[in-house]
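Have a look at the structure below before the remarks.
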Amino acid sequence: MTALSVHRLNKTYGNGLQALQDVDLEVEAGDFFALLGPNGAGKSTLIGIITSLVRKSGGRVDVFGHDLDHEPQAVRANIGVVPQEFNFNLFLPVIEVVLNQAGYFGVPRKEARERAEMLLRKLDLWDRRETEMRLLSGGMKRRLMIARALVHRPRLVILDEPTAGVDIEIRRAMWGFMREINAGGTTIILTTHYLEEAESLCRHLAIIDQGRIQARSDIATLLGEL
Ligand code: ADP
Ligand code: ADP
């Protein structure tokens with residue numbers, strides 16, 4: 001089963017900048033996949049399109065067999081995203097950030113409460129559940145975004161530079177948690193500009209630069225070639 005299929009995807013922004021050029025990408029269900037590339041390569045644009053935040057200029061995206069053009073709702077329901085920037089909902093208490101997201105996806109309230117508690121405990125945020133999001137540290141906000149991304153049990157989780165700017169201890173804890181989610185069968189795609197992170201976590205990776213996929217490989221092969 002294919003989790004994500006991207007075919008000849010193009011994006012030209014309003015100012016004429018061509019951020020993606022004929023991008024082709026396939027990610028199999030259950031994979032842990034890294035999208036590696038320098039700043040400005042087009043990673044966030046690609047994720048923005050897959051998660052309906054950015055309009056594509058051309059091409060096709062399918063998520064678990066649902067075509068983004070015809071079944072955007074089904075695509076969204078299958079994806080949990082941890083964005084790079086999260087300055088929304090800052091005045092909401094932690095627990096409400098998670099419950100709101102569950103509500104958005106139609107998770108029944110009781111079920112949502114149980115899942116929220118489980119996730120917040122796991123991510124070491126349960127004691128902060130009544131704290132407004134704006135009062136959390138950067139690392140805590142990131143963990144909250146992970147809880148929020150998982151509460152509707154998406155089959156594909158996309159993390160955009162999940163460990164940028166967090167210290168090594170939190171980074172390792174987040175790696176452990178991501179591995180655990182993946183071991184449970186959830187497909188994970190993460191963007192990073194750290195090769196070390198891709199190497200430590202992922203089975204497959206693609207390298208993107210200047211809006212084009214430059215290489216796609218499994219980690220072992222790539223490392224052998226370096
Ligand atoms: P679109 O042009 O596809 O509607 P947006 O609405 O997201 O794109 O952005 C509007 C404008 O803001 C862009 O055309 C561009 O001039 C500017 N802009 C926003 N983000 C960036 C960025 N990261 N780099 C360069 N320009 C940007
Ligand atoms: P990455 O996530 O790999 O750093 P991005 O997808 O953010 O790359 O950006 C790819 C290119 O598109 C960059 O040149 C960036 O400046 C440009 N860009 C991003 N968003 C916009 C926008 N809204 N309008 C115009 N250009 C943009």
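Both counts, for ligands and for their atoms, begin at 1 and track the order of listing.
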Heavy-atom gap G211 to ligand 2 smaller than 4.0 Å: no

Within-shell test, G40 vs ligand 2, heavy atom, strictly < 4.0 Å: yes

Could you tabulate the donor-acceptor pairs under 3.5 Å formed by side-chain atoms of residues 123-130, not counting sequence neighbours?
from	atom 1	to	atom 2	distance (Å)
R129	NH1	W126	O	2.8

CA sep, side-chain torsions, deciding dist, call: K110, E114, side-chain contact (heavy atoms from CB on, under 4.5 Å): CA-CA 6 Å; K110 182 167 175 287; E114 286 168 9; 3.2 Å; yes

Using a 3.5 Å cut-off on N or O atoms only, is [X] in polar contact with ligand 2?
X   : answer
G42 : yes
Q84 : no
A41 : yes
N39 : no

T187 and D31 side chains, donor-acceptor separation under 3.5 Å: no

Polar contact flag, side-chain donor to acceptor under 3.5 angstrom, E161-T192: no

Considering the heavy atoms of [X], write down every atom of ligand 2 situated less than 4.0 Å from one of them.
X   : result
N15 : 25 (C), 26 (N)
S44 : 1 (P), 2 (O), 6 (O), 7 (O)
P38 : 3 (O)

Close side-chain approach of I213 to D24, heavy-atom, < 4.5 Å: no

With S137 via side-chain contact (heavy atoms from CB on, under 4.5 Å) - residues at least two apart: M140

Option among R55, K56, R60 that satisfies the salt bridge (Lys or Arg N to Asp or Glu O under 4.0 Å) test with D69: K56

Pick from L17, T45, L20, D160: the one approaching atom 11 (C) of ligand 2 most closely through a non-hydrogen atom: L17

